[in-house]
Each structure stands twice: as C-alpha cells, then as structure tokens.
Protein chains: 2
Amino acid sequence: MAKASAKPKLDLVKRDDSNALIPEAFRNVLGYHLRVAQEASFQAFSAAADKADLKPGWYSILTILAEYGELTPSDLSRVCGRDRSTLTATLKGLSIRGLIERHQNPEDQRSYSVRLTEEGRKMQRRLHAIAHQHDQRLDEIVGADKDVVIAVLARIVNALGTS
Amino acid sequence: MAKASAKPKLDLVKRDDSNALIPEAFRNVLGYHLRVAQEASFQAFSAAADKADLKPGWYSILTILAEYGELTPSDLSRVCGRDRSTLTATLKGLSIRGLIERHQNPEDQRSYSVRLTEEGRKMQRRLHAIAHQHDQRLDEIVGADKDVVIAVLARIVNALGTS
DNA sequence: GCAAGATAGTTTGTCATCAAAATATTTGTC
DNA sequence: GACAAATATTTTGATGACAAACTATCTTGC
C-alpha cells in the first residue's frame with residue numbers, strides 16, 4: 001500500500017543543499033558546528049589512513065615523539081592533551097609493533113620514557129604524508145579565513161581551560 | 001642529539017601562556033586545533049551537565065525531537081548525523097527513564113517512531129538551559145568572528161561530505 | 001506468488017576518551 | 001628510620017562513535 005497517506009515521514013533533503021538538515025535549534029550554535037566539523041575532519045583523515053592500513057590514532061603520538069625525542073607517558077599526555085590513561089593502550093600497541101622503545105628511568109623505578117625506533121620514524125613519515133594531504137584539503141576549503149579560525153579555536157581552548 | 005644527561009625531563013610550561021604546549025608540527029594545522037577546541041567545548045558542556053546530574057548525550061536527541069515532533073530512529077540518525085547503531089543504547093535509556101515514547105508503525109512492523117513525553121520535554125528544557133549558557137560563553141570568547149567561523153565550519157562539513 | 005534484494009533496527013567488536021580507583025615507588029616530615 | 005603524602009603508571013568502568021554482521025520485515029521483479 002501507499003505509505004504516502006499515513007505518515008509525515010520527514011522528507012529528508014539531500015546533503016548537497018548546504019545545511020539543509022541542520023535542526024533550527026542548532027543553526028546558530030557554535031558548539032554544534034564545532035563538533036560536526038571536527039567529526040567530519042577526523043573521519044576524512046581516518047579514511048585516508050585506513051586506506052593505507054595505518055592507524056590514525058598513532059599519528060599524534062608518533063609526531064610528538066619525532067619532535068620531542070624522548071618523553072615519559074605523563075609528559076606525552078600533557079603535550080598531546082589526552083589523559084594519561086588514554087595513552088596506555090596505544091603505547092602498548094606501538095611498543096608491540098616495534099614503533100617505539102621504552103627505557104626504564106634508572107633514577108625512578110616508577111617511570112620510563114619512550115622514543116621512536118627507526119621503524120617508528122618511518123611510520124611517522126608515512127602518516128605525516130597523509131595528514132599533510134588532509135590538511136591541505138582543509139586549507140583549500142577554509143581559504144583566507146584560516147588564520148582567523150585558528151586564532152578563534154586557540155582562544156576557545158585557552159578560555160575553557162584546556163581541561 | 002645528546003640526550004646524555006640524566007634528566008631531560010621536559011620543563012613543561014604552564015597553560016596560561018597561550019599555546020605554550022602546542023607541538024611545532026601542529027601549530028599551523030587546522031585539524032589539530034579543530035579537535036582540541038571541540039574537545040574543550042564538549043568537556044565544558046559535559047561538566048556543566050554533570051553538575052546538574054544530566055546526561056550531555058541526551059541533549060541533541062531530545063532537542064531534535066522537540067523540534068521535529070516524531071521521528072524514526074533512522075531519521076533521527078540522519079538529522080543528528082550519528083550512525084543508527086549509535087542511537088540504540090541512548091534511545092533505550094531515554095525510554096526506560098520515561099523521557100520518550102516508542103510508537104509502533106502499524107504499516108511497517110520493522111519500524112517505530114519516538115516522541116518526547118512530558119517528562120522528556122521538561123528534561124529537554126533543563127538541558128537546553130545549560131547548553132544555552134555554554135554557548136553564550138563560547139559566543140563571548142569568539143566575539144565578532146562567530147559568523148565567519150560558523151560559515152567555515154559548515155563549509156568543511158559540506159566539502160568533506162558529512163560522513 | 002515467490003525468491004531476491006532492500007530497508008529498519010539491533011548486536012557485536014573496535015577504538016578513543018575521561019575519571020576514579022588501585023599499585024608501586026619516591027619524597028618529605030618528624 | 002618510619003610513616004604520610006605525592007607522583008607515575010595501569011586498571012577498570014562509563015560514554016559515545018563507527019562499521020560490519022545479523023534478524024525481521026517489506027518491496028520488487030519476474
């Protein structure tokens with residue numbers, strides 16, 4: 001039978017019409033757009049990494065280690081802005097796959113530091129190539145507004161206390 | 001690259017110095033700032049909701065229902081931009097707590113729709129008050145750039161294909 | 001009218017995130 | 001020197017996200 005009669009059924013408009021689907025209540029809400037944009041961006045990066053059989057979640061850690069050389073999990077957590085407990089599993093994975101080495105701190109039995117292995121450095125470069133491509137795509141989309149947007153985002157982070 | 005001495009130890013600068021801790025490699029990367037800002041924003045909202053003993057995850061669903069009246073889980077998923085499977089648990093929780101009602105579709109045994117109960121409407125208003133406060137805080141931080149930023153974020157979502 | 005395929009919803013498995021509790025070790029106080 | 005407090009890491013448990021596989025039902029093609 002015809003379903004047309006009974007149900008309103010929400011004639012959901014396709015996506016090509018910009019913000020066709022955004023609920024009225026959210027249209028002017030920064031937090032909403034922030035969330036949606038960040039998820040779209042992450043998904044795009046994730047898809048690109050997956051296609052190359054790489055773990056998107058490794059990128060930031062490997063890159064920070066490439067820049068800082070050697071860090072404890074705690075310092076790494078502060079630099080990348082994640083809770084320490086979040087890193088445990090990832091570091092274990094990276095270690096198992098030989099991408100990082102752990103070095104016990106001889107002066108403190110509780111603590112160790114991690115650094116990239118040669119393999120890890122290679123992996124970082126491969127992920128960086130993908131990330132760079134992704135960010136160029138974002139740059140194209142954002143165009144001249146990039147600096148303003150970055151400044152605003154940084155302001156948000158600072159004002160809300162990094163948390 | 002002399003890491004020779006005992007304590008490299010990263011003298012991590014405190015947060016009050018804007019972007020003191022941002023790794024060089026990310027400083028000009030939009031995706032990074034997007035992620036960090038979104039997480040800070042979500043954390044702030046989450047904390048405010050928690051303080052009032054409310055679930056932050058309920059807000060978007062309740063608000064969409066308040067606006068659209070009655071939706072199937074699939075339509076709800078399209079409107080809020082989450083995968084259908086993501087909604088299952090939340091809808092169950094909302095239903096158990098009496099905030100939404102499920103109505104079987106008499107024309108399609110597979111399908112049902114959900115709508116707010118009076119309790120749900122009250123909860124939506126309570127959460128909305130918190131969300132509104134949060135967004136005003138964001139507005140203050142962002143100031144005159146708000147429209148530009150929202151336009152840019154929407155552009156990102158559209159260009160990256162929502163997904 | 002029936003088999004094949006599409007669609008609605010749920011389940012399961014993976015991952016990332018946080019916070020709070022648990023462990024182990026170091027530091028500081030008396 | 002012993003005991004309390006702080007610190008480094010891991011564990012556990014809750015959320016929320018996705019994708020892929022699964023069940024049930026509806027629609028289509030022939």
Side-chain angles (χ1 to χ4, degrees), chain A residues 1-4 6-7 9-10 12 35-36 38-47 49-51 54-61 71-78 80-95 102-114 161-163, chain B residues 7 9-10 12 35-36 38-47 49-51 53-61 71-78 80-95 102-114 161-163:
Chain A
M1 267 313 275
K3 70 296 197 79
K7 285 298 136 187
K9 251 312 187 187
L10 231 241
L12 289 167
R35 190 192 56 126
V36 175
Q38 129 71 16
E39 279 171 10
S41 162
F42 177 74
Q43 285 291 115
F45 173 55
S46 223
D50 272 358
K51 209 160 55 182
L54 306 179
K55 302 279 185 186
W58 290 352
Y59 175 58
S60 55
I61 290 181
L71 289 174
T72 64
S74 284
D75 284 344
L76 190 51
S77 136
R78 278 185 282 271
C80 79
R82 314 257 83 83
D83 192 271
R84 281 168 311 159
S85 61
T86 305
L87 299 181
T88 306
T90 308
L91 290 180
K92 189 188 289 182
L94 288 169
S95 183
R102 297 162 125 117
H103 287 282
Q104 190 62 49
N105 179 347
E107 295 171 11
D108 189 336
Q109 293 311 115
R110 296 168 301 180
S111 181
Y112 63 88
S113 59
V114 292
T162 266
S163 150
Chain B
K7 285 234 171 172
K9 253 314 187 185
L10 230 239
L12 288 168
R35 190 193 55 127
V36 175
Q38 129 71 16
E39 279 171 12
S41 162
F42 177 73
Q43 284 293 114
F45 173 56
S46 224
D50 272 358
K51 209 160 53 183
D53 249 315
L54 306 180
K55 302 278 184 185
W58 289 352
Y59 174 59
S60 55
I61 290 181
L71 288 174
T72 64
S74 285
D75 284 344
L76 190 51
S77 136
R78 278 183 283 270
C80 79
R82 315 256 82 82
D83 192 89
R84 282 171 306 160
S85 60
T86 305
L87 300 181
T88 306
T90 309
L91 291 179
K92 190 189 289 184
L94 289 170
S95 183
R102 298 161 124 119
H103 287 282
Q104 189 63 48
N105 179 347
E107 295 173 13
D108 188 337
Q109 293 310 116
R110 295 168 303 179
S111 182
Y112 64 89
S113 59
V114 292
T162 265
S163 119

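Computed from a prediction, not measured in an experiment: that's the story for all the values here. Here is how names work: the chains are called A, B, and so on, in the same order as the sequence lines, proteins then strands, and each is numbered from 1.
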*Would you say B/Y112 reaches C/dT10's phosphate, i.e. side-chain N/O to OP1/OP2 under 4.0 Å?*
yes
*What about A/T90, does its side chain sit under 3.5 Å from the base of C/dA16 through a donor-acceptor pair?*
no
_Using a distance-only criterion (donor-acceptor N/O pair, under 3.5 Å, no hydrogens), is the base of C/dA19 paired with the side chain of A/S85?_
yes
*asked:* Without decimals, in angstroms, what is the distance between B/K92 NZ and D/dA14 P?
replied: 15 Å
*Phosphate oxygens OP1/OP2 of C/dA19: is one of them under 4.0 Å from a side-chain N or O of B/Q43?*
yes
*Between OG of B/S77 and CG of B/L71, what distance do you get to the nearest 0.5 Å?*
10.5 Å
*So, is A/T86 close to the C/dC18 phosphate, meaning a side-chain N or O under 4.0 Å from OP1 or OP2?*
yes
*Could you check A/R110 against B/W58 and say which one's nearest nucleotide on DNA chain D is further toward the 5' end?*
A/R110
*So do A/L94 and A/V114 actually touch side chain to side chain, heavy atoms under 4.5 Å?*
no
_So which atom in A/I61 and which in A/T90 form the shortest heavy-atom distance, rounded to 0.1 Å?_
CD1-CG2, 3.7 Å
_Phosphate OP1/OP2 of C/dT10: any B/R102 side-chain N/O under 4.0 Å_ = yes
*In whole angstrom, give the distance that lies between atom CG of B/D108 and atom P of D/dT23.*
19 Å
*Give the rounded distance in Å between these two atoms: CD of B/Q104 and P of D/dA24.*
15 Å
*A/E107 CD to D/dT7 C1': how many Å, rounded?*
15 Å
*asked:* Return whichever of B/P73 or A/G57 has its heavy-atom-nearest nucleotide of DNA chain C closer to the 5' end.
replied: B/P73
*Taking atom P of D/dT7 as reference, at what distance in whole Å does atom CD of A/Q109 sit?*
19 Å
*Whole Å only: how far is the CZ atom of B/R84 from the C1' atom of D/dG16?*
17 Å
_Between C/dT17 (C1') and A/L87 (CG): distance, integer Å_ = 11 Å
_Can you see if the side chain of B/T88 gets near the phosphate of C/dT10 - specifically, an N or O under 4.0 Å from OP1 or OP2?_
yes
*Is B/Y59 near enough to D/dG16 that one of its side-chain N or O atoms lies under 4.0 angstrom from OP1 or OP2?*
no
*Do B/P56 and B/D50 come close enough that some side-chain heavy atom pair is under 4.5 Å?*
yes
*d(CD, B/Q38; P, C/dA16) in whole Å*: 16 Å
_Student check: side-chain heavy atoms of B/T86 and B/C80 closer than 4.5 Å_ = no
_Strictly below 4.0 Å: does B/S46 bring a side-chain N or O up to OP1 or OP2 of C/dC18?_
no
